[in-house]
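Before any comments, here is the structure.
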Amino acid sequence: MEYIPAKTIVTKTKAPAKWFGIDYNMNIYKGCCHGCIYCDSRSDCYGVDDFDKVRAKENALQIIRDDLRRKTRKGVVGTGAMSDPYNPFERELMLSRHALELCDAFEFGAAIATKSSLLARDIDVLQSIAEHSPVLLKITVTTAEDRLAEKIEPGVSRPTERFRMIEKLAGAGLYTGILLMPVLPFIEDNRESVGEIIKRAEDAGARFIYPDFGMTLRGNQRAWYYQKLDTLFPKKGLIEAYRKRYGESYECVSPKAGELWKYFAEECQKRKIAYRMEDIISQYKRPYRITQMTLPF
């Protein structure tokens, strides 16, 4: 493992209310070895050289401890925005686990985004945090098909394992759900795929599903994605379909987005699964809000 210097790790978010109510960001690792063909973090604008190589931040736990100690306001610490905190190296290094233990010790909440079933290892720490602060667990699932996932997300736990983990996390009383994003145009954007994810999410006890029916493409990320499409789906004409519809656009919304959103919302409402950002934030934070009584004098 290569270690890189860092001055601070837990940083304040710019607009916490807009993205899952997260107050602080925490990225312990840089780069990712999961090999997902669609990853936006590969884009040049983030300045991550040799993106497929995972590096850890030097003295990360001491820096996180000092960062949390200096915060004058408690809040939810989010991790997983730029690099999955449960990459294969985490199994031995346990940096994410120890960082959660620090969040627990200083009474901060936690919001985790991952594709790895390794998260289930830390149920005990997450339950301890949940005794005093909000915990939000976001498991990314873009397809329920293990064989398709093996192509587009080769280095991560298969969807079957992720749904099994969701069941464990939900069964442990932790607020858990799915990030249904990205939904790859011409590959995953159909009712059958979305419907299967909703069904299996309900069976696993997921409390929410937050979707984005499309993806982003820019610069070297686009070149990487097209190269992978050519290798994995050589006879489908996907690259030409993307170029024809999106050109050099950053936002690549599925041509079926409207239809899928209507179907998705109806299915989630029927199954009482939250899917709006404001509802998800309200649900996982509600038990920790103190309601002040207004006295009549």
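Counting from 1, the numbers follow the sequence of the chain as shown. As a basis for the values below, the full set of heavy atoms in this structure was taken, side chains included, without hydrogen atoms, waters or symmetry mates. Model, not experiment: these values are computed from the prediction.
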request  = For the residue pair S83 and N27, confirm or rule out a side-chain donor-acceptor distance under 3.5 Å.
outcome  = no

message = Test your reading of the model: is there a side-chain donor-acceptor pair from R276 to the backbone of A274, 3.5 Å cut-off?
response = no

task = For the residue pair K115 and R162, establish whether any side-chain heavy-atom pair is separated by less than 4.5 Å.
result = yes

ask   = So do L184 and Y242 actually touch side chain to side chain, heavy atoms under 4.5 Å?
value = yes

key: Note, V10 side chain near F106 side chain (heavy atom, < 4.5 Å)   = no

query = Taking side chain as C-beta onward, heavy atoms only, is I178 less than 4.5 Å from I273?
reply = no

request  = Return yes if a side-chain donor-acceptor contact under 3.5 Å exists between D122 and Y86, otherwise no.
outcome  = yes

Heavy-atom neighbours of K168 NZ exceed 12 at 6.0 Å = no

ask   = What closest approach, in Å, do C36 and W224 show between heavy atoms, and which atom pair accounts for it?
value = O-NE1, 4.1 Å

inquiry  = Using ring centroids (six-membered ring only for Trp), state whether F20 and Y284 fall under 6.0 Å.
reply    = no

key: Pair D23 + K74, salt bridge at N-O below 4.0 Å   = no

query = Tell me, do Y24 and D67 make a side-chain contact under 4.5 Å, heavy atoms counted?
reply = no

query = Does some side-chain heavy atom of E145 sit less than 4.5 Å from a side-chain heavy atom of E188?
reply = no

Minimum side-chain heavy-atom gap R218-D40 below 4.5 Å = yes

ask   = Taking atom types as modelled and ignoring hydrogens, do the side chains of T11 and N25 form a donor-acceptor contact shorter than 3.5 angstrom?
value = no

ask   = If you look at every heavy atom in N190 and L260, which pair is closest and at what distance?
value = C-CD2, 3.8 Å

Heavy-atom check, side chain of M215 versus side chain of P185, under 4.5 Å = yes

ask   = Name the one of W261, F208, F213 that satisfies ring pair (Phe, Tyr, Trp, His ring centres under 6.0 Å) with Y275?
value = W261

request  = Output yes when a side-chain donor or acceptor of Y288 lies under 3.5 Å from a complementary backbone atom of A130, and no otherwise.
outcome  = yes

ask   = Has K71 got its NZ or CZ under 6.0 Å from the middle of the six-membered ring of F108, at an angle within 45 degrees of the ring axis?
value = no

